[in-house]
Protein chains: 2
Amino acid sequence: MKQSNREVAEATGDVGRTMADTTYRRLRNDIVTGRLGAGSKLKLEGLAGIYEVGMSPLREALTRLVGDLLVVSEGQRGFWVAPLSLDELDDISRVRALIETEALNLAIRNGNSSWEAAVRQAFEALTEIESRLPQTTEPLDPEMVEDWERANRAFHAALVSASGSPMLTRLREQLYQQSERYRRVSLNASRRWRNVHDEHAAIFDATMQRNALKAARMTELHMSRTAEEVRRAMQQLAADVASLTERENAGDA
Amino acid sequence: MKQSNREVAEATGDVGRTMADTTYRRLRNDIVTGRLGAGSKLKLEGLAGIYEVGMSPLREALTRLVGDLLVVSEGQRGFWVAPLSLDELDDISRVRALIETEALNLAIRNGNSSWEAAVRQAFEALTEIESRLPQTTEPLDPEMVEDWERANRAFHAALVSASGSPMLTRLREQLYQQSERYRRVSLNASRRWRNVHDEHAAIFDATMQRNALKAARMTELHMSRTAEEVRRAMQQLAADVASLTERENAGDA
DNA sequence: CTGTCAAATAATATCGAAAATATTTGGTGA
DNA sequence: TCACCAAATATTTTCGATATTATTTGACAG
């Protein structure tokens, strides 16, 4: 029995992969990780060269990213990496807490044993990685950061995976990605690691006990603390830039 | 003092209008109003002809609509108007209630007197239109439907305009649009008008009294009732289609 | 008849150049 | 020196043709 191209593609998981789609993912990654800096101009010709792609798929990818709030555009003036701001950090954090607690609440109500197993598995994987993280102020291994990001994302996704609401799931993912982008700023800037394992454990425990109220409170706490950490890092960064600019101006004068 | 082209464009409000943008709005309107039926295939060449536009801006418009959940796409297979379903109706209604009550709560806490004035003005405009609506089962004047849709949208937007949260505002708009699309199905199908003015008045009164809890309850009630109405219309529609199909099959046999 | 395959057809996705628009540069007059 | 303007340049947007992929058709074997 010979397989059609489509069947092969489905089996290997790259069905319908287009240039636009691939470029979208690459750009998204480069923005979330900070390789493309907040606020920087995205010149089309330049990007087309770098990502080896034509205008049409490139613009399609950028248009999708505008929808994700990772890119901003102005007609006839082009595209920029979306700027970061303290106000937006607060806004995102609060709305994300709203969505995430609602989704977790539903998941706790609806989740069956296979959901429980998936949550436990994701938590254990995360625990394993967090236990290996340096307790001291060492330079963070970029690969370890990626591993942790993946595990953290998987844990939070698993928690709410039984919400039964595709719309909440979608909104949660969008907001998670926004948060991740802000979080990575603080990681890159402060080079310090906040111990979050206790917070994850508290959320996990409350969830396994099916204590929705406590799980929501722990989730809110986790998010507000993370936001606070990011806020500090961003303020520090802004202060650094300011003093650097001042010194430069002094040098010029 | 001569104005630059850009300044003129800013004054007239059509700054940066591109083909992609115009086509996006036209397509969006045609989908929300139902002129492009749920689930129908969107063939690129056909659309390019109808909207008199090339491939690039057309695809860009469709890509934006995918982000709005008004269109679905599959790589290498193209675009379809997003289907409608009862499950999705429930999902959207519930999440919209969550977002909208949160935003209204914030607006009631933060709103100043100019917000109050804007809400009152929007409510009065809506009241005026709703008072003119036929009480009997008459054929609905399409122009009046448009007027009502505009006023209804403006009223609900005014209510939450002081939430102070750009993210909530954005999510609310997306969800409002989804709801509108479902609502129009029931309008087109049932040809009957549910009297919603009392519900709007209840929301308005509670809001003006700064009674956040009551305003939220009235909002939830308004939305669940609307969803129920749409649900009935969709079920009726499905039943009609089924009996029609049956008759056709009987004719063939 | 039924499933399979390849050729023919239809549709989508992509490229690269042309058109439209924005921005910068450099010159002129007040 | 400054504001203004137009030419030169840079950039975005759009078009239309080509390449790629999916779908349909129809012939053939089992």
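These values consider heavy atoms only, across backbone and side chains, with no hydrogens, waters or symmetry-generated copies. Chain naming here is simple, since letters A, B, ... match the order of the sequence lines and numbering starts at 1 in each.
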Check every atom of [options] against the side chain of [X] and return the nucleotide holding the closest atom.
X       : options                : result
A:Phe79 : D:dT11, C:dT12, D:dT13 : D:dT13
A:Lys41 : D:dT14, C:dT14, D:dT11 : D:dT11
A:Arg77 : C:dA22, D:dC15, D:dT14 : C:dA22

To the nearest Å, how far apart are [X] [atom1] and [N] [atom2]?
X       : N      : atom1 : atom2 : result
B:Glu52 : D:dG16 : CD    : P     : 12 Å
B:Gln76 : D:dA22 : CD    : P     : 5 Å
B:Leu47 : C:dA10 : CG    : P     : 18 Å
A:Arg59 : C:dC15 : CZ    : C1'   : 15 Å
A:Met55 : C:dG16 : CE    : P     : 10 Å
B:Leu58 : C:dT14 : CG    : P     : 14 Å
B:Met19 : C:dA20 : CE    : C1'   : 11 Å

Heavy atoms of other groups near B:Met19 CE, more than 12 under 6.0 Å: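 Not buried by this count: 12 neighbours or fewer within 6.0 Å.
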Sugar-phosphate, base or nothing in reach of B:Leu44, heavy atoms under 4.0 Å: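 Touches sugar-phosphate only.
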Electrostatic pair A:Glu149-A:Arg183, nearest N-O below 4.0 angstrom: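 Salt bridge between A:Glu149 and A:Arg183, a charged N being under 4.0 Å from a carboxylate O: yes.
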